[in-house]
Amino acid sequence: GENVEQHPSTLSVQEGDSAVIKCTYSDSASNYFPWYKQELGKGPQLIIDIRSNVGEKKDQRIAVTLNKTAKHFSLHITETQPEDSAVYFCAASSPPGQAGTALIFGKGTTLSVSS
Amino acid sequence: DSGVTQTPKHLITATGQRVTLRCSPRSGDLSVYWYQQSLDQGLQFLIQYYNGEERAKGNILERFSAQQFPDLHSELNLSSLELGDSALYFCASTQGGGNTGELFFGEGSRLTVL
């Protein structure tokens, strides 16, 4: 089955700096790569996603890049703000029909933005 | 508010006991997923149901079982509880049965096994 590795596990930046979180996946059949943000005491919430037919996607201050050949994808947050402080999870999923497939998450990155 | 409701929010029990966690998906969603979140393992996929049928299975222990009822709510049953089962259990729902759409998570059920 799919395995997703995420780095770093913790990341501290100053307000206004950029933050980058990287993930690798193992299943070359995976075709959907979302990023979720989890604030304290809440469930994860989707912030951006990318599909395998796209190399990059941007939404205001956040962007995601995908390198299918290398099987890795990254989240970029620019002009970080204190409210960006949270745990971020990357995930990957394979097309349905393969046994045991579902959305598989990395172990998370705790981002701290200090003002 | 994601629209996914999980009960109870907190549960404290003893080793060897059995508990049931309940999840009501968003209106119209047919798929329910269960995830376990512990400090060192992140979000571990347990099981997925789609319209009452098991769709995918992850790292779910034999002591754990789940089902989805005709009204689409789901229950996760945890038995013979061990200290290591202490975790936050999330339910998520989505409209379709595939794996390429947004999952809407509840706020979780925190289980503490003493």
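To find a chain, count down the sequence lines: A is the first, B the second, and so on, and within it residues start at 1. Note that the coordinates shown come from a computational prediction; the quantities given were computed from them, not determined experimentally.
Residues A:W35 and A:F73 bring their aromatic ring centres within 6.0 Å. No close placement of the B:Y33 and B:Y49 rings is indicated, their centers lying 6.0 Å or farther apart.
Heavy atoms closer than 4.5 Å to chain A are found in both the backbone and the side chain of B:L103. For B:F104, no part lies near chain A; criterion is any non-hydrogen pair under 4.5 Å. For a residue to count as touching a neighbouring chain, one of its non-hydrogen atoms must lie under 4.5 Å from one of that chain's; by this rule A:P44 touches chain B with backbone and side chain alike. With a 4.5 Å cut-off on non-hydrogen atoms, B:Q44 does not touch chain A at all.
Electrostatic pairing of A:E39 and A:K37 counts as a salt bridge here, judged by a charged N lying under 4.0 Å from a carboxylate O. Note on B:E82 versus B:R63: salt bridge recorded, some NZ/NE/NH1/NH2 to OD/OE distance being below 4.0 Å.
Checked by atom type and distance alone, the side chain of A:K57 never pairs as donor or acceptor with a backbone atom of A:V64 at under 3.5 Å.
Your options are B:S2, B:G101, B:G42, and the one with the most heavy-atom pairs under 4.5 Å with chain A is B:G101. For the set B:Q37, B:K9, B:E107, the count of heavy-atom pairs under 4.5 angstrom toward chain A peaks at B:Q37. Counting heavy-atom pairs closer than 4.5 Å to chain B, the top-ranked of the candidates A:P34, A:A91, A:G43 is A:G43. Comparing A:Q45, A:R51, A:K42 by how many heavy-atom pairs each has under 4.5 Å with chain B, the most go to A:R51.
A:S30 and A:E2 share a donor-acceptor pair across their side chains, judged by distance under 3.5 Å alone.
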